[in-house]
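Chain naming here is simple, since letters A, B, ... match the order of the sequence lines and numbering starts at 1 in each.
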2 protein chains.
Amino acid sequence: MKKSVFLYGISLALLVYVLKLIEYRYYVRDLSLGFYLTLIALLFGALGAWFGGQLVIKRIHSISSAFNANATSLKLTGISKREYDVLTLISKGDTNQQIADKLFLSLNTVKTHSSSLYVKLGAKRRTQAVQKAKELKLIP
Amino acid sequence: MKKSVFLYGISLALLVYVLKLIEYRYYVRDLSLGFYLTLIALLFGALGAWFGGQLVIKRIHSISSAFNANATSLKLTGISKREYDVLTLISKGDTNQQIADKLFLSLNTVKTHSSSLYVKLGAKRRTQAVQKAKELKLIP
DNA sequence: ATTCAAATCATCCTTTCGGGTGAAGGCTTA
DNA sequence: TAAGCCTTCACCCGAAAGGATGATTTGAAT
């Protein structure tokens, strides 16, 4: 981001320098002022468009890949590690028994975790829990 | 999109006109050519940046909202309209009974639809169905 | 007109979920 | 050390889901 701004600044400085040259040649050659103005407008318009596009793209990227398992939401909901493990597998469509097998837990433990998950997510069913977890960016 | 380009064109034309005025005043007032050049550069740079940003945003939107219920995948899976209705509500965390109420169906019918959904999606549970449907872009 | 898929509903039966509750061991922190 | 949370597991019970199968109606295609 800062790098982009820096690059943009450099480009701008360079162009201003070029403009200086043009300014000098203005007295030498016989091109209208309007020509240069249009040229500059086009140049900076294009440059600005590119820059603006890059800016937005970067922002979008930083938002969409802001899926760092979202520690903020995790703390807000108070979901623990183990509960999160269960949540992840629930979202993949595993049954409680399958989750128990994968996490080396008893079925009852998985049920306990999922139950507290529902409470913390304000859900009544696993499908709801998955939906809410996605809203909170807890899972992809 | 076309509208944006048009607006941009209009803005550009307007500014060029303004530049004309400035050009005339150049002979009247005592401001350096560099000043105007920089002004133009900044103006068009900013305008271009805004325009570029808008362009990218629109493109992103059209991509992300290119969620036209993905007819391709629907045909491939052979999911019917009614099944799709059920799928949608399933993905929202509704129970079969709730779905039945919303769609004015009997619980059994909902079960039938969901069962054939699972077959067509290669899922064994509703949570899996939801996950696969998302992969196929059938639901958001 | 016959055929076929979709949509609707049913019954029976098994599995899975989910709620409620209790309890034991471990770790952290006041 | 006591309080508190996390993790683990258990039992009970009702609700929801899911599988198998069959039946009727309707609309579209052949």
*asked:* Please classify the nucleic acid contact of B:S114 as base, sugar-phosphate, or nothing, using heavy-atom distances under 4.0 Å.
replied: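 Touches nothing.
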Contact class for A:S106 (heavy atom, under 4.0 Å): base, sugar-phosphate, or nothing? sugar-phosphate
Side chain A:T112 and base D:dC9 donor-acceptor under 3.5 Å: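 In this structure, the two groups form a donor-acceptor pair.
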Polar pair under 3.5 Å, donor/acceptor by atom type, side chain A:T95, base C:dC17: no
Please report, rounded to the nearest Å, how far the [atom2] atom of [N] is from the [atom1] atom of [X].
X: A:K124; N: C:dG19; atom1: NZ; atom2: C1'; value: 12 Å
X: B:I99; N: C:dT8; atom1: CD1; atom2: P; value: 13 Å
X: A:L117; N: D:dC6; atom1: CG; atom2: P; value: 12 Å
X: A:L107; N: D:dC12; atom1: CG; atom2: P; value: 14 Å
X: A:Q98; N: C:dT15; atom1: CD; atom2: P; value: 15 Å
X: A:K111; N: C:dG20; atom1: NZ; atom2: P; value: 13 Å
X: B:R82; N: C:dC9; atom1: CZ; atom2: P; value: 9 Å
X: B:D85; N: C:dT8; atom1: CG; atom2: C1'; value: 14 Å

Heavy-atom closest pair, residues [X] and [Y]:
X: A:Y84; Y: A:I79; value: N-CG2, 3.8 Å
X: B:L87; Y: B:A129; value: CD1-O, 4.4 Å
X: A:I139; Y: A:S91; value: CD1-CB, 3.5 Å

| message | Using a 3.5 Å distance criterion without hydrogens, assess whether the side chain of A:Q128 forms a donor-acceptor pair with backbone atoms of A:K124. | response | yes
Can a donor-acceptor pair be found, under 3.5 Å and without considering hydrogens, that links the side chain of B:K132 to the backbone of B:G122?
yes
Would you mind telling me which of [options] lies closest to the side-chain atoms of [X]?
X: A:T109; options: C:dC17, D:dG18, D:dC9; result: D:dC9
X: B:L105; options: C:dG19, C:dT11, C:dT8; result: C:dT8
X: B:N96; options: D:dA17, D:dT8, C:dT8; result: D:dA17

Does [X] put a side-chain nitrogen or oxygen below 4.0 Å from OP1 or OP2 of [N]?
X: B:N108; N: C:dC9; answer: no
X: B:R126; N: D:dA17; answer: yes
X: A:Y118; N: C:dG19; answer: no

* Name the residue closer to the 5' end of DNA chain D, choosing between B:I90 and A:F104 according to the nucleotide with the nearest heavy atom. =>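 Result: A:F104.
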Q.
Reading DNA chain C from 5' onward, which residue's closest nucleotide shows up sooner: B:H113 or B:R125?
A.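 The answer here is B:H113.
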